[in-house]
Amino acid sequence: VPLEETSLPLFFGWFLLPGIQDKVRCTSMDFLKTLDTLEAFKKHLPDFTVDAEKEVDLEQYFQTNGALHCTTKFCDYGKAEGAKEYADKPAVKELYGSAFELSLSALFVTPRTVGARVSLSEDQLTLWPADAEKEAVSVVPAAATLPAGSRAHVTLGCAEGVEPQQTGFDLLEILALQQEGQEGELVEEMELGSLAYYGKGRWLLSLREPVSAQACFSSLYG
Ligand code: 2AM
């Protein structure tokens, strides 16, 4: 009996290949290391800690775990709504095990998560669940009006006690602000790109050169 008929995975997604995982982790660490030394960041420190006198070491603040990936569909072994339908999509079956180049276009940091925005191509969007953004509406109401693929991200770290799925919500919040016409307050031109502040501890670094990340479309049973 094929595995797919016995149970569904925890999630489907693109798994970054080992070499590029190291590169992305390093880029993220460099960014965090620079961010927490910036005067602008220190000015907004109360967003991150109740004790504004204390410094925050962002590299310690966020915990990382597991292989870097971009979740397409969280299936929860079949318990999640639409899991079976997703697994049965022709594109999912056809492209399972195939290699892709993901474009990481921005890094973002909030008091809860740090992540990379993934800008999906037309081909990659065939693997994106139609309701991924709508599922986030209870947390980010404007998510329903954002284009498909807006939620696509790689979680790079979560603060203590924060659920990983928060990273996608944090990204959607920033994109919703942009859609409303808020540009964010341009804070600094960094080597990696331009850094903007969106209030409430939300920072977005738009990468000058998107990072092209090789990834395999697959699933995790966990
Ligand atoms: P992430 O994609 O933001 O990192 C296993 O828990 C993976 O599935 C994690 O990568 C996690 O978040 C994602 N995940 C967990 N619960 C989820 C949910 N309810 N909706 C979407 N993705 C979820």
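The residues of the chain are indexed from 1 along the displayed sequence. Whatever order the structure lists ligands and atoms in, that order sets their numbers, starting from 1. No experiment lies behind these values; they were computed from the predicted model shown.
The shortest contact between atom 11 (C) of ligand 1 and any protein heavy atom is with P164 CB, 3.7 Å. Here the heavy atom of the protein found nearest to atom 10 (O) of ligand 1 is H69 NE2, 2.6 Å. Scanning all protein heavy atoms for the shortest distance to atom 6 (O) of ligand 1 gives F74 CE1, 4.0 Å. Taking atom 13 (C) of ligand 1 as the reference point, the nearest protein heavy-atom neighbour is T71 OG1, 3.8 Å. Closest protein heavy atom to atom 3 (O) of ligand 1: H153 NE2, 2.6 Å. The single protein non-hydrogen atom nearest to atom 4 (O) of ligand 1 is T155 OG1, 2.7 Å, given as residue, atom name and distance. The protein heavy atom nearest to atom 19 (N) of ligand 1 is Q165 OE1, 3.2 Å.
At least one heavy atom of R151 sits under 4.0 Å from some atom of ligand 1.
Looking at R25 and L156, their side chains never come closer than 4.5 Å, going by heavy atoms from C-beta outward.
Expressed to the nearest 0.5 Å, how far CD of E39 lies from NE2 of H44 amounts to 11.5 Å. Atom OG1 of T72 is separated from atom CG of L127 by 6.5 Å, given to the nearest 0.5 angstrom.
No donor-acceptor pair closer than 3.5 Å links the side chain of Q63 to the backbone N or O of A159.
Contact annotation for Q166 and ligand 1: no heavy atom of the residue comes within less than 4.0 Å of the ligand.
Residues H153 and F108 place their aromatic rings such that the two centres sit no closer than 6.0 Å.
Set against the non-hydrogen atoms of F11, the atoms of ligand 1 under 4.0 Å away are 5 (C), 7 (C), 8 (O).
Ring geometry for W203 against F41 counts as tilted: the plane angle lies between 30° and 60°, on a 0 to 90° scale.
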Next on the checklist: One pair to check against side chain to side chain contact (heavy atoms under 4.5 Å, CB included): L171 and S150. What are the steps and the verdict?
Outcome noted: CA-CA 8 Å; L171 173 60; S150 297; over 6 Å; no
